[in-house]
Amino acid sequence: EDFLFSLDSDNNIFVLSDLHGDWRPALNFYKKNKHILSDNPKMNLMLILGDLGANYFLNERDDKFKKRLSELPFTYLCLRGNHEERPTLLPNFDKDYLIETYCGGEVYWDCHYPNIMYMKDSGEVYTLDGKTFLTIPGAYSIDKDYRLASGWSWFSEEQLNKNERAYILNNLKPHYDYILTHTCPHSWEPYISDLFFDGINQSRVDKTTEDFLDTVVNSTHYDYYLFGHYHDDRDIQAVKAHMIFHEGLVLKKGNEWQKI
């Protein structure tokens, strides 16, 4: 059953990113802000902008992490990053997940952890508190070769494919209140170049997703843009954007994101 999330006196919309299978950032966020949280997890919506890490090991370690997250009074709506598998490609997706409608868009609902949802793999639009959120998942793993050589997980479908990118562009609306992505447009790199890994030749990094996001922001209008991926919290006023990590934001009445 679909519904619209409204910011009434008891509801909250928060944002974090890049937990990478570590529940402590969410726990610390809870401890810091529990005075403004509702006792009802459904009223504390936590948007995760990729690399939650709950579908990374694909074994009991993921379950342990999900259980810890579920102990906190949040409902998690998670964008897929690059260091995690697409929910639809999980071995037991048909058994463990339900495809539902939430706030006007498709989500994958974890049957075992009902307060954890994943945004649609190929991009989606959600309406929260009357505001439209265009969500675009995925990114390229610049540490791909190291991961493969070390026997770590790497997910071949981490970026949107050509058909998925085309679908998003063909269905763009003239305006969105917010755009949520994991990485950011290629043209924004001057604002984040100090966060690049040492020893990585950026000219050899696959920028397909970042180039696509440039096309998106040049083809529509938005009020504010939120992204993760780079493991820092910073406001980028020049492009009306905020990079999210563990500091977190809250959406207040009046269409404003605030640090808390």
Side-chain angles (χ1 to χ4, degrees), residues 5 13 15-19 45-55 76-89 99 101-108 117-128 131-142 155-189 191-192 205-231 236 239-245 249 251 257:
F5 192 94
I13 301 177
V15 188
L16 289 177
S17 188
D18 294 85
L19 273 63
L45 182 62
M46 176 67 77
L47 306 177
I48 303 292
L49 299 188
D51 286 353
L52 174 68
N55 292 320
Y76 303 91
L77 180 57
C78 308
L79 185 71
R80 178 180 55 80
N82 54 297
H83 288 163
E84 55 197 340
E85 182 62 283
R86 292 184 179 223
T88 53
L89 296 181
I99 299 177
T101 301
Y102 180 86
C103 294
E106 184 175 294
V107 297
Y108 314 126
M117 299 175 288
Y118 299 89
M119 301 179 195
K120 189 176 180 180
D121 272 348
S122 55
E124 186 61 289
V125 178
Y126 302 93
T127 301
L128 307 174
K131 307 300 180 183
T132 52
F133 290 67
L134 172 63
T135 66
I136 300 176
Y140 174 75
S141 296
I142 63 172
F155 304 100
S156 61
E157 302 297 321
E158 61 185 8
Q159 298 193 85
L160 294 179
N161 61 45
K162 181 179 179 179
N163 290 336
E164 291 169 333
R165 297 194 301 270
Y167 180 84
I168 291 173
L169 291 179
N170 290 336
N171 289 277
L172 279 180
K173 304 298 182 183
H175 173 265
Y176 298 94
D177 294 292
Y178 306 109
I179 298 179
L180 309 182
T181 63
H182 183 51
T183 186
C184 72
H186 195 171
S187 61
W188 295 5
E189 285 190 353
Y191 304 110
I192 60 175
V205 174
D206 184 343
K207 303 289 185 178
T208 299
T209 299
E210 287 79 5
D211 290 337
F212 170 65
L213 294 178
D214 267 324
T215 302
V216 169
V217 297
N218 290 325
S219 303
T220 188
H221 295 87
Y222 64 91
D223 292 341
Y224 211 62
Y225 194 116
L226 304 177
F227 65 99
H229 192 47
Y230 295 97
H231 293 198
I236 309 175
V239 289
K240 299 186 295 184
H242 202 103
M243 181 192 303
I244 306 294
F245 189 36
L249 295 179
L251 179 61
W257 291 99

Evaluate the side chain to side chain contact (heavy atoms under 4.5 Å, CB included) criterion for residues Tyr118 and Asn55: first the C-alpha distance (whole Å), next the side-chain angles of each, then the deciding distance (0.1 Å), finally the verdict. CA-CA 11 Å; Tyr118 299 89; Asn55 292 320; 3.4 Å; yes

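- Side-chain contact between His182 and Phe227 is absent, with no heavy-atom pair separated by less than 4.5 Å.
- Looking only at distances, a side-chain donor or acceptor of Arg80 sits under 3.5 Å from a matching main-chain atom of Glu158.
- The salt bridge (charged side-chain N to carboxylate O under 4.0 Å, His left out) search around Glu164 returns Arg86, not counting sequence neighbours.
- Between Glu124 and Glu106, some side-chain heavy-atom pair lies under the 4.5 Å cut-off.
- Interatomic distance, CG of Leu180 versus CD1 of Ile136, reported as 9.5 Å (0.5 Å rounding).
- Expressed to the nearest 0.5 Å, how far CG of Leu213 lies from CZ of Arg165 amounts to 10.5 Å.
- Contacts classified as side chain to side chain donor-acceptor pair (under 3.5 Å) and involving residues 208-219 (residues at least two apart or in different chains) are given here: Gln159-Thr209, Thr183-Glu210, His186-Asp211, Ser187-Asp214, Asp206-Thr208.
- Taking Tyr222 as the reference, Tyr225 meet the ring-ring contact (aromatic ring centres under 6.0 Å, His included) condition, with sequence neighbours excluded.
- The closest side-chain heavy-atom distance from Leu45 to Tyr102 is below 4.5 Å.
- With sequence neighbours excluded, no residue forms a side chain to side chain donor-acceptor pair (under 3.5 Å) with Thr220.
- The CD1 atom of Ile13 sits 12.0 Å away from atom CG of Leu249, with the distance rounded to the nearest 0.5 Å.
- In this structure, the side chain of Asp51 engages the main chain of Asn82 through a donor-acceptor pair within 3.5 Å.
- There is no side-chain donor-acceptor pair under 3.5 Å between His221 and His175.
- Inter-residue side-chain proximity for Leu160 and Pro137 is flagged as met; some heavy-atom pair is nearer than 4.5 Å.
- Within the 4.5 Å cutoff, side-chain heavy atoms of Phe212 are placed close to those of Ile168.
- Between Val216 and Tyr176 the shortest side-chain heavy-atom distance does not fall below 4.5 Å.
- Distance CG/Leu226 to NE2/His242: 8.0 Å, rounded to 0.5 Å.
- At a threshold of 4.5 Å between non-hydrogen side-chain atoms, the residues Leu47 and Leu128 count as touching.
- The closest side-chain heavy-atom distance from Lys173 to Thr132 is not below 4.5 Å.
- Minimum interatomic distance between Met243 and Tyr230 (heavy atoms only, all atoms of both residues): SD-CB, 3.8 Å.
- The shortest non-hydrogen separation linking Cys184 to Ile192 is SG-CD1, 3.6 Å.
- Checked by atom type, the side-chain pair Asp18/His83 shows no donor-acceptor distance below 3.5 Å.
- Put simply, CG on Asp223 and CD1 on Ile179 are 9.5 Å apart, with the number rounded to the nearest 0.5 Å.
- Under the ring-ring contact (aromatic ring centres under 6.0 Å, His included) criterion, Tyr108 pairs with Phe93, not counting sequence neighbours.
- Applying the ring-ring contact (aromatic ring centres under 6.0 Å, His included) test to Phe245 and every residue at least two apart in sequence or in another chain returns His231.
- Taking SG of Cys103 as the start and NZ of Lys131 as the end, the distance is 14.5 Å to the nearest 0.5 Å.
- Under the rule for a ring-ring contact (aromatic ring centres under 6.0 Å, His included), Tyr126 has no partner lying at least two apart in sequence or in another chain.
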